[in-house]
There are 2 protein chains.
Amino acid sequence: MAARRAVEKELTQQMIIDVAHELFVEEGYQNVSMRKIAKSLGYSHGAIYYHFTSKADLFTAMVDQDFAMINKEIDKLDQLELSNKEKLRELLLGYIQFGVTYKNHYEVMFLIRDKEINSYDMESPIKSYQKFAAKIAEFTNNQLPVPVIWSVFLMLHGFVAQYCRTDQSFENIKSMADIHVDLILRSITKD
Amino acid sequence: MAARRAVEKELTQQMIIDVAHELFVEEGYQNVSMRKIAKSLGYSHGAIYYHFTSKADLFTAMVDQDFAMINKEIDKLDQLELSNKEKLRELLLGYIQFGVTYKNHYEVMFLIRDKEINSYDMESPIKSYQKFAAKIAEFTNNQLPVPVIWSVFLMLHGFVAQYCRTDQSFENIKSMADIHVDLILRSITKD
DNA sequence: CCTTTTTATTAACCACTGTTCAATTAAATC
DNA sequence: GATTTAATTGAACAGTGGTTAATAAAAAGG
């Protein structure tokens, strides 16, 4: 009494990750069971174990993907024809836009904490941060001390961490984001 | 086949809250069972239900206490003999000190999210924020627009949210906190 | 001392968990 | 068309969860 679907409906790792993503954010790691994910996909829970060896495995695969995504966003800045000052603004505002637009991604990347998962090595987040920090340094002509860059990151993080947990779209909070970024820029640029 | 202890060891609501606090932060709401809390106290899990009607009840009682604590800290500032500028600095640094010193409190107040608990009405956090915002307005002679005050709060929140999840003491990160507060002050004061 | 009240224990209930695995079937290969 | 391989199922295992109810001991009141 088992079965296998038509090829068009075959389960993929990406399908699982996408559904798991939404659920993990809405309900937290511990409140989402493999059965729940499977049900949401319309498959049996056993099927997921064919694609991932464990729940933690699924989670880390998901998060790694998210960090790859943020890295891409940062790299996009190089294509823009702007002054350093403008690029810096884009970077900060872009960070907020990313976090508020992909709330699910941001939440799992920075906000969810779980003992079961903290064995997950911190390589991806650290690499992403370094990329971000290097860009800030570049756009400020390497005038900024390292701790100040870290401080700037934390200011952004505070904003995103808050709005991540609301239903507001980026458009909705754009004006608030502008104020926030202006304040940050004001704090690091000498008039 | 039941038993009862000597009076010196009688269980109190406060004892339960204190132990639950540590556990909730270390392991998250869903990973801490009533049995675990009881075991950590050296009592049976049934005993907790004598003092709290449910797990969620215990949690909200705990959080309400935490907000009362932060309100007290804010009120303390009135006793200080300082200029507004100095008081502002104290307020911002004090916020960080509170968050980093009472990591458990901060975590449950602002960072833990759980469907089971979000029915909890937001009265306490909102009242605390308004107290905080009013003080900022006061210390800046009501020159700051409301959204800027909110922005300042988010900058602080970003810092605390991060260090909340490390083992660093406030003393340890004091210099980083100073940098952060200086940046914030720089952003809201016209030179 | 006896009764009442307060507190604590324990078993029991039922729903749910991650994970494994034999059984099964559809698709792919020959 | 037969065989192999890849994908899926669902039962089973061995827990854990919150909560309740029956029960018993300590403390308080008389």
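Here is how names work: the chains are called A, B, and so on, in the same order as the sequence lines, proteins then strands, and each is numbered from 1. Basis for what follows: all heavy atoms, side chains included, without hydrogens, waters or symmetry-related copies.
Aromatic ring centroids of Y102(A) and Y106(A) lie 6.0 Å or more apart.
D78(A) and K87(A) are not joined by a salt bridge, as no carboxylate oxygen comes within less than 4.0 angstrom of a charged side-chain nitrogen. Under the 4.0 Å criterion applied to side-chain N and carboxylate O atoms, E73(A) and K76(A) are assigned as salt-bridge partners. Ion pairing between D178(B) and R89(B) holds under the 4.0 Å rule for side-chain N and carboxylate O. Salt-bridge formation is not detected for the pair D182(A)/R186(A): no Lys NZ or Arg NE/NH1/NH2 atom is positioned less than 4.0 Å from an Asp or Glu carboxylate oxygen.
Pairing each heavy atom of K36(A) with each of L23(A), the nearest pair is O-CD1, 4.2 Å.
Side-chain proximity of H51(B) to dT9(D), dA8(C), dG18(C): nearest is dA8(C).
Rounded to an integer number of Å, the gap from OH of Y49(B) to C1' of dA11(C) is 15 Å. For the pair E10(A) CD and dA6(D) P, the computed distance is 11 Å after rounding to whole Å. Regarding Y50(B), its OH atom lies at a distance of 14 Å from the P atom of dA27(D), rounded to whole Å. Atoms CG (L11(A)) and P (dT25(C)) sit 20 Å apart, rounded to a whole Å. Rounded to a whole Å, the OH atom of Y43(A) is 18 Å from the P atom of dA6(D). The separation between I16(A) atom CD1 and dA7(D) atom P is 11 Å, rounded to whole Å. Counting to the nearest Å, the C1' atom of dG18(D) and the CZ atom of F52(B) are 16 Å from each other. Rounded to a whole Å, the CG atom of L58(B) is 11 Å from the P atom of dG18(D).
If you find the closest nucleotide of DNA chain D to G46(B) and to A47(A), the one lying nearer the 5' end belongs to A47(A).
One N or O donor and one acceptor, one from the side chain of H45(B) and one from the base of dT19(D), sit under 3.5 Å apart.
Looking at residues 33-42 of chain A, you'll see S33(A), M34(A), R35(A) sit with a heavy atom under 4.0 Å from some atom of DNA chain C.
No donor-acceptor pair closer than 3.5 Å links the side chain of E27(B) to the backbone N or O of F24(B).
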